[in-house]
Structures are given as C-alpha cells and as structure tokens.
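Taking it in order: structure first as structure tokens, then the write-up.
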Amino acid sequence: MPVVSIEKVGEYEGKEVTIRGWLYNQRESGKLLFPIFRDGTGIIQGVISLKENPETFAKMQGLTQESSVIVTGTVRADQRAPGGYELHVTGAELVQKVAESEPYPIQLKEHGVDFLLDQRHLWIRTPRQASILRIRAEAIRAAREYMDGEGYILTDSPVFTPAACEGTTTLFEVSYIDDQKAYLTQSGQLYVEATAAALGKVYCFGPTFRAEKSKTRRHLTEFWMLEPEAAYAHLDDMMVLAEGLVSHVVQSVAKNRVRELETLKRDMTKLEAIKPPFPRIQYDEAVEILQKNGKDVKWGDDFGGDEETVLSSQYDRPVMVHRYPSAIKAFYMEPDPKRPELALGFDMLAPEGYGEIIGGGERMSSYENLVKRIREQGLPEEAFQWYLDLRRYGSVPHAGFGLGLERTVAWICGTEHIREVIPFPRMIYRMYP
RNA sequence: UCCCCGGUAGCUCAAUGGUAGAGCAUUCGGCUGUUAACCGAAGGGUUGCUAGUUCGAAUCUAGCCCGGGGAGCCA
C-alpha cells in the first residue's frame, strides 16, 4: 500500500493509497461521512458509507477537528469533491483524538488578528498560511540560486555585534559573557564589506533585529535580509543585480508555486509582468512626480509610506529611486562625485503599495571621509576600527544592498500584513508563541 | 514617543441608560452527496481592570491594562 502525499494523489487515480495526516473538517449526513484530510501538502475529501464500511464509519463518526489519522482508500476523480479528487475510505487508524472538552480553537470561519496571532502555532496549519510558508521557502531557494549563479559567495554575518551598524536605529542589547554587552545585528552589511574584500562578490542571508517601536503592517522586529556586496562594483551594477534577483525570485514563485498562489487568489498577471528592466528614476525626478500628484514634498525631504505608494503606483513593476540627498541617507554612503550633495544610493519600491523592499548603494571608500562621518554621527570610533581597516588596507570602490525577505514575500503573496509571511512573527508587544 | 480605533460566551459579533443575545464550536437527537453542510434541543457570561455619575451602567466620565492601524524610523 503506497503512502502518498495529497499533492500527488492525482497520480494514483483508481488505486488504493494510504494518507497520513489530520482531520481538517468533517461533514456528517446520516449514513454518510465526508471527512476532509490534510497532510501539509494539500487537502482531500473522503467518503465513508455506513452501509459499506460500518467499522470505519463508527471509528470516524463525530471525530474532532485536527485529530491525527492514518487513512487508506481508493482515489477517485469526482467533480463534487473540492480539489477534484476524493478518497473512498476503506480503513482508518486514529493516531490521536482531539478531546471534545478542549476542541481545536481555530474554526473554518473568520477570526480576529489578535486571536490568530496567539494561535500562530496552529494557524500555520490552515491552507492559506501553509501556502504562504511554501512560497516563502521557494523565494529563499530562488534567491540563493540566483546569487550563487551570479558568482556570489555566501558569507554569513554574525548575529551578535559589538556596536550599531547604523547609528539611528534602536538596538536590542543582550548580556554577553563576563559582563560584556552585545547587540543583535540590525544589518550584516559591515561584515560583508569585509568578506567582499576577501572573496570579491559575497552575500549574507540571515535574521536581523530592529528594536524600533514601529507598529505597521510593514514592520517586524525580527526579519530576514539578503545582503549582497561586491568589490569594485558601482551603483549601476547593483541596480542591475537587484532587478535580476527580484525578477528571478518572482518568476520562480510564479512557475513553481502555482497551486499556492491560487489558494491565495493572487492575480498572476501582476506577477508575470515582473521582468527586467525595472524603471529607474533619480530622486530629483521623484520629487517632481510627487509634486505633480499633489504631494506636499520639497527637495531634501525623505519619502514616507504615502509617497512611496504614489511613486510605485506609476509602474507595473518595481521602481528604483536613486541618488537621494546624502543628508537623509546612512553615514557610509558614497557621495556622487558629480553632485556631492547626493548619495550614490538607491531604494527599490515594490508595486501595489508594498513599499521599500531593497535599500543599498555605493559605500564610502575613503578613510578620511568615513572617519569624518563616524565622528559627525557620534558613533563609537573604537568599535569601528576593524571597519576602518578595510579603508586602510587596499580600499576599493564597492557597493551592495539589502533585500527585505518578508516585504518581498508579502508583496508576492498579496498579503495584507507582513506578519503572515514569517512562521513566528516577532513584533512590538508580541512575542508569543 | 505621538495620533486614531477597539476590548461582551471558546470564536465572530449584536445589544447606546431599563431582565446580556445570535451564529459557529462543544454535548444530545435527525438526515445517503455534503461544500465554512443543514434541521431540532441543551450547557456555556466577573461585558479588560479600578473608581465615579445614576434609582439603575456592557452603554456615560476619569485613570490604568491589553491589542490593532498609522506617524516617525526603516527591509
């Protein structure tokens, strides 16, 4: 008797198979049972007749939602069944029954956000959430495939760091060994700058932490970031890499996760349009576009969520805004030699109002300028000595960016909130489960 | 940190100053093709907490707690 996964059940039409999973739901109709099973790969409806199989009927009748079961039956195509295939159950083995006194808390109906987040460890069992997590996995696989294919070497950055990567944001402080203090990384960038000088083209991919008190659908306190860095690379090289990476990720999901995107009711035509080249606009031009659209922004202002939405809604694919004023960008950004008041940085804004998914640019390569900036920012110079070494010993032009995984996946999935695209979201005021 | 919104049964919600209710879930009964099945019945409440106004508070007032959305900041 073959043990099969529900996603592959169509290959076994007319054959008897075993499915190991859970009871997703069950409808009862007198002398007929319609259990719906799930096994993590999909759902399938079963049929059990009292007349034909009284023993199994008795075992399954009244069984509680999410009880674990191993069932055997014959696969039949049937228009009436959700999913097109049905399992005519011949035998069932109950693995664990959910007690009636403590029924499964998540029902097949609308629930509130607060409740679902408290039940996140169970919520991920629902088809929609499971689909999102499968898409996340595909996005990660495709992103690494692309970076590896472009000759970038994975060199992961540490999670414990001695100081801030960017002065302004708030850090999570943790106690380290023997009364030392450490901080959870807010970016791996400084470290990939070092590995780029060692290996040429590198990237890191891992969790990052921001203790900002942001309460929006675009923020998490713990999120994953992919950060490439390349020696001798310039701003334009990074914009080419960024559009190549993002389009490869989107196209891979569109190709390999069709069923999941259907579960999410995602508009596939919007994803299919995500191909290079992506539009590039300079900051100056972005300000003009915003002013034409009635936004009260002047040159020198940074863009908020509203402004980003206006800009990204002009295009059917992500837009890259480059050369922002240095004053509103991070301390390590290289100024444009043609217009020193501008930084050689860029942001990629996702369509449909999902906001900034990439930020990056060219790093400052001059020792003197970098020291000056560190002092201006009031950053602890001692902690940055190793970083300054990169400018003492064979400094070269180099560039990179950071791609926010969850914002990217939220956009691909079309979810309302970023919290749905990470298995266990960490947000301000929420760390359970 | 600031602004806005919310907290009533396990869940989703109703009740706007006068006896706290419905659907789902659970239990019992019925139903041979159900699609969040349906029909009948039962059990289930410190209305977030504290104080106040009132003959009377889920409802009005104040403070606090918890959560959501947004600003700032950022991926």
Side-chain angles (χ1 to χ4, degrees), chain A residues 24-36 43 45-52 57 62 64-66 76 78-83 86 88 98-119 122 126-127 165-170 186-189 205-227 242 246 301-308 328-330 347-350 354-360 401-411 416-419 421-422 427-430 432:
Chain A
Y24 175 65
N25 189 29
Q26 179 158 257
R27 304 185 187 92
E28 304 192 5
S29 178
K31 299 180 178 66
L32 273 182
L33 299 181
F34 297 99
I36 297 178
I43 59 171
Q45 174 168 284
V47 189
I48 305 169
S49 154
L50 173 64
K51 197 172 166 186
E52 290 166 20
F57 189 97
T64 36
Q65 193 190 352
E66 284 299 316
R76 301 255 171 83
D78 195 310
Q79 291 287 325
R80 294 169 293 186
E86 204 166 60
H88 287 251
V98 173
E100 286 91 348
S101 56
E102 280 184 291
Y104 187 67
I106 300 177
Q107 300 171 32
L108 278 66
K109 63 166 199 169
E110 294 289 329
H111 289 284
V113 162
D114 187 39
F115 174 76
L116 287 172
L117 284 173
D118 281 341
Q119 309 291 336
L122 303 175
T126 61
C165 299
E166 300 170 31
T168 51
T169 43
T170 321
Q186 57 192 169
S187 166
Q189 184 206 313
F205 179 60
T208 50
F209 307 87
R210 305 274 168 94
E212 299 154 356
K213 295 199 170 175
S214 300
K215 294 181 63 169
T216 84
R217 67 188 73 202
R218 299 188 308 280
H219 288 86
L220 294 167
T221 53
E222 179 181 329
F223 66 97
W224 285 63
M225 191 151 64
L226 190 153
E227 297 176 275
V246 168
D301 290 346
D302 204 356
F303 303 148
D306 284 357
E307 285 78 25
E308 288 180 358
I328 56 174
K329 285 291 167 186
D347 288 345
M348 185 189 287
L349 308 177
Y354 281 89
E356 185 183 340
I357 56 173
I358 283 179
F401 62 81
L403 174 136
L405 178 71
E406 285 77 12
R407 285 189 183 174
T408 305
V409 175
W411 158 53
E416 194 184 335
H417 201 296
I418 196 171
R419 68 188 150 212
V421 308
I422 187 167
M427 306 183 299
I428 177 173
Y429 307 136
R430 188 178 283 282
Y432 179 92

Which pairs, protein N/O on one side and nucleotides 67-69 of chain B N/O on the other, fall under 3.5 Å?
{"residue": "B/G67", "atom": "OP1", "partner": "A/Tyr429", "partner atom": "O", "Å": "2.7"}
{"residue": "B/G67", "atom": "O3'", "partner": "A/Arg430", "partner atom": "NH2", "Å": "3.3"}
{"residue": "B/G68", "atom": "OP1", "partner": "A/Arg430", "partner atom": "NE", "Å": "3.3"}
{"residue": "B/G68", "atom": "N7", "partner": "A/Lys215", "partner atom": "NZ", "Å": "3.1"}
{"residue": "B/G69", "atom": "OP1", "partner": "A/His417", "partner atom": "NE2", "Å": "3.0"}
{"residue": "B/G69", "atom": "OP1", "partner": "A/Arg419", "partner atom": "NH1", "Å": "3.1"}
{"residue": "B/G69", "atom": "OP1", "partner": "A/Arg419", "partner atom": "NH2", "Å": "3.2"}
{"residue": "B/G69", "atom": "O3'", "partner": "A/Arg217", "partner atom": "NE", "Å": "3.4"}
{"residue": "B/G69", "atom": "O3'", "partner": "A/Arg217", "partner atom": "NH2", "Å": "2.9"}

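- Across B/G33, B/G72, B/C74, the shortest atom-to-atom separation from the side chain of A/Arg210 is found for B/C74.
- Considering only the side chain of A/His88, B/G33 comes nearest among B/A75, B/G33, B/A71.
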With 3.5 Å as the limit, what N/O pairs link the protein to nucleotides 25-30 of chain B?
{"residue": "B/A25", "atom": "O4'", "partner": "A/Gln107", "partner atom": "OE1", "Å": "3.4"}
{"residue": "B/A25", "atom": "O4'", "partner": "A/Gln107", "partner atom": "NE2", "Å": "3.4"}
{"residue": "B/U27", "atom": "OP1", "partner": "A/Glu100", "partner atom": "OE2", "Å": "3.3"}

Mind listing the N/O atom pairs, protein and nucleotides 5-8 of chain B, below 3.5 Å?
none

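- Atom NZ of A/Lys31 is separated from atom P of B/G33 by 11 Å (rounded to the nearest Å).
- For A/His111, taking side-chain heavy atoms from C-beta onward, the closest of the listed nucleotides B/C74, B/U34, B/U12 is B/U12.
- Using a 4.0 Å heavy-atom cutoff across all strands shown, A/Phe115 reaches sugar-phosphate atoms only and no base atom.
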Subject >> Watson-Crick and G-U pairing of RNA chain B written in dot-bracket, each distance under 3.5 angstrom, with | for inter-strand partners >> reply: (((((((..((((....[..)))).(((((.......))))).....(((((..]....))))))))))))....
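- The pair A/Arg430-A/Asp118 counts as a salt bridge, with a side-chain nitrogen and a carboxylate oxygen less than 4.0 angstrom apart.
- Rounded to an integer number of Å, the gap from A/Ile106 CD1 to B/C24 C1' is 15 Å.
- Partners of A/Leu116 according to the side chain to side chain contact (heavy atoms under 4.5 Å, CB included) rule, which considers only residues two or more places apart in sequence or in another chain, are A/Ile106, A/His111, A/Trp123.
- Rounded to whole angstrom, the span from the CD atom of A/Gln26 across to the P atom of B/G33 amounts to 16 Å.
- At the phosphate of B/A71, OP1 or OP2 sits under 4.0 Å from a side-chain N or O atom of A/Arg218.
- Atom-to-atom, CD of A/Glu356 to C1' of B/C73 comes out at 11 Å; the value is rounded to the nearest Å.
- Of the listed nucleotides (B/U1, B/G33, B/C73), B/U1 has the atom at the smallest distance from the side chain of A/Lys213.
- Take A/Leu108 and apply the side chain to side chain contact (heavy atoms under 4.5 Å, CB included) test, not counting sequence neighbours, and it matches A/Tyr24, A/Asn25, A/Gln65.
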